[in-house]
Every structure is written in C-alpha cells, then in structure tokens.
Amino acid sequence: MPWSPSFEGAVPDPRLDPVRSRAARLELEGQPVGHLLVETDFMAAKSGGFAWWRRWSAPLEYAVVLTRLADGETRETWVANHDLGIVAAWAADGYQDAGTTYAMVWLDEADSLRVHDEVFAHQH
C-alpha cells in the first residue's frame, strides 16, 4: 500500500472539459471588470490503513478557480468534484461573487495563457 496516492491513470472529469486551463473576462454591463482562471488538479482520500499500509480512494479531479476583480486582489477558490455543477451554472447564469453576477467571456487558448501569465503571474 502506498504512503501517498498515485494519480497514474486518473480520469479527467468531463464537466471540466469546457473550462480546464481556460480564462474568462468578467464583465458588468458590457464593461470588463476582471478575470477568472480555471486550473484543475486531482485528489484522493485515505480510505484505510496506517503508516505505509494506507489505502486510497480513486482520484477525483477538482477545480482551482482564481479570480481578480478591479480591486486587484487575487482570490483562490477550490471547487470540489461533487460541486462541479457550478460550471454549467456559469454557462447559464454567469459568475456570482458577493451578490454580483458577472457575464463571462471565455477566452481562447492564447488569450487564456496571456491572462495566466500577465494577470495572475501564476506558473504551473
């Protein structure tokens, strides 16, 4: 039994396919007011064992959502696998934060990479 979980053979969650490694421009009344970036990772829960005899659940993909609004502060939120329905809600209703709903304009791969590097200064 491994000391830590193995993510070899982990299966990406198809609910994240439209947003994985993508950025969106957040808008209010048609004006840009910030950005959102979705990155993903995998996790597994310890299901039993002790010390080096540990057993792990199957790995599940989750979302790491970075947002930066006009205030310039970057916030990081984790969205657990069982809450990934939020991705469909974004498509239908927009992104909600502190009682405000923002329109989301999803960026292509090149612009998402630019936002990743320039807005969030985040490295993989």
Side-chain angles (χ1 to χ4, degrees):
M1 302 295 163
W3 178 258
S4 59
S6 169
F7 298 115
E8 186 176 317
V11 178
D13 192 307
R15 295 174 293 177
L16 287 167
D17 288 349
V19 299
R20 186 180 292 106
S21 300
R22 296 281 302 277
R25 184 175 58 246
L26 300 176
E27 297 182 349
L28 269 178
E29 300 175 5
Q31 298 300 312
V33 295
H35 289 90
L36 175 144
L37 176 68
V38 179
E39 296 188 328
T40 65
D41 205 347
F42 288 90
M43 66 170 292
K46 185 176 136 186
S47 61
F50 181 73
W52 62 91
W53 297 357
R54 294 179 182 185
R55 290 186 306 277
W56 299 95
S57 67
L60 295 173
E61 189 174 28
Y62 66 95
V64 179
V65 180
L66 302 170
T67 55
R68 180 178 288 174
L69 297 173
D71 64 13
E73 182 179 324
T74 298
R75 286 177 277 160
E76 180 177 316
T77 307
W78 292 18
V79 179
N81 184 271
H82 62 270
D83 290 329
L84 289 179
I86 192 78
V87 173
W90 290 341
D93 304 323
Y95 179 75
Q96 295 184 8
D97 185 283
T100 302
T101 301
Y102 300 92
M104 302 176 79
V105 178
W106 289 98
L107 305 177
D108 64 19
E109 187 176 330
D111 282 338
S112 291
L113 184 58
R114 181 189 57 75
V115 167
H116 178 277
D117 292 342
E118 294 176 10
V119 175
F120 294 101
H122 180 76
Q123 299 297 317
H124 288 283

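- Taking CE of Met43 as the reference point, atom CH2 of Trp78 lies at 8.0 Å (rounded to 0.5 Å).
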task = Evaluate the side chain to side chain contact (heavy atoms under 4.5 Å, CB included) criterion for residues Trp90 and Val65: first the C-alpha distance (whole Å), next the side-chain angles of each, then the deciding distance (0.1 Å), finally the verdict.
result = CA-CA 12 Å; Trp90 290 341; Val65 180; 3.8 Å; yes
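- In the hydrophobic clustering of this structure, Leu69 does not group with Leu66; members are Ile, Leu, Val, Met, Phe, Trp, Tyr whose side-chain heavy atoms approach within less than 4.5 Å, directly or through other members.
- Of the possible polar contacts, none joining the Asn81 side chain to the Tyr62 backbone as a donor-acceptor pair under 3.5 Å is found.
- Taking both residues in full, the closest heavy atoms of Val38 and Trp106 are given as CG2-CH2, 4.1 Å, listed atom of the first, atom of the second, then distance.
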task = Report the C-alpha distance between Arg15 and Glu61 in whole Å, list the side-chain angles of each, state the deciding distance to 0.1 Å, and finish with yes or no for side chain to side chain contact (heavy atoms under 4.5 Å, CB included).
result = CA-CA 10 Å; Arg15 295 174 293 177; Glu61 189 174 28; over 6 Å; no
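- Here the CD atom belonging to Glu76 is positioned 8.5 Å from the CD atom belonging to Glu39, to the nearest 0.5 angstrom.
- Closest approach of Ala44 and Pro59 over heavy atoms only: CB-CA, 4.3 Å.
- In plain terms, the two heavy atoms of Thr101 and Asp93 that are nearest each other are CG2-O, 3.1 Å.
- Between Leu36 and Tyr102 there is no side-chain heavy-atom pair separated by less than 4.5 Å.
- Residues Arg25 and Asp111 are not paired through a salt bridge, judged by the lack of any N-O separation under 4.0 Å between the basic side chain and the carboxylate.
- In this structure a side-chain-to-backbone donor-acceptor pair under 3.5 Å is present from Arg20 to Asp13.
- Scanning all heavy atoms of the two residues, the minimum distance from Leu107 to Ser112 falls at O-OG, 3.3 Å.
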Met104 vs Leu26, side chain to side chain contact (heavy atoms under 4.5 Å, CB included): CA-CA, chis, key distance, verdict = CA-CA 5 Å; Met104 302 176 79; Leu26 300 176; 3.9 Å; yes
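- Contact between Arg22 and Pro18 at its shortest, heavy atoms only, is NH1-O, 3.5 Å.
- Summarising the geometry, atom CD1 belonging to Ile86 is positioned 12.0 Å from atom CG belonging to Leu16; distances are rounded to the nearest 0.5 Å.
- A distance-only check finds no donor-acceptor pair linking the side chain of Ser57 to the backbone of Ser47 [under 3.5 Å].
- Rounding to the nearest 0.5 Å places OG1 of Thr40 at 10.0 Å from CG of Leu84.
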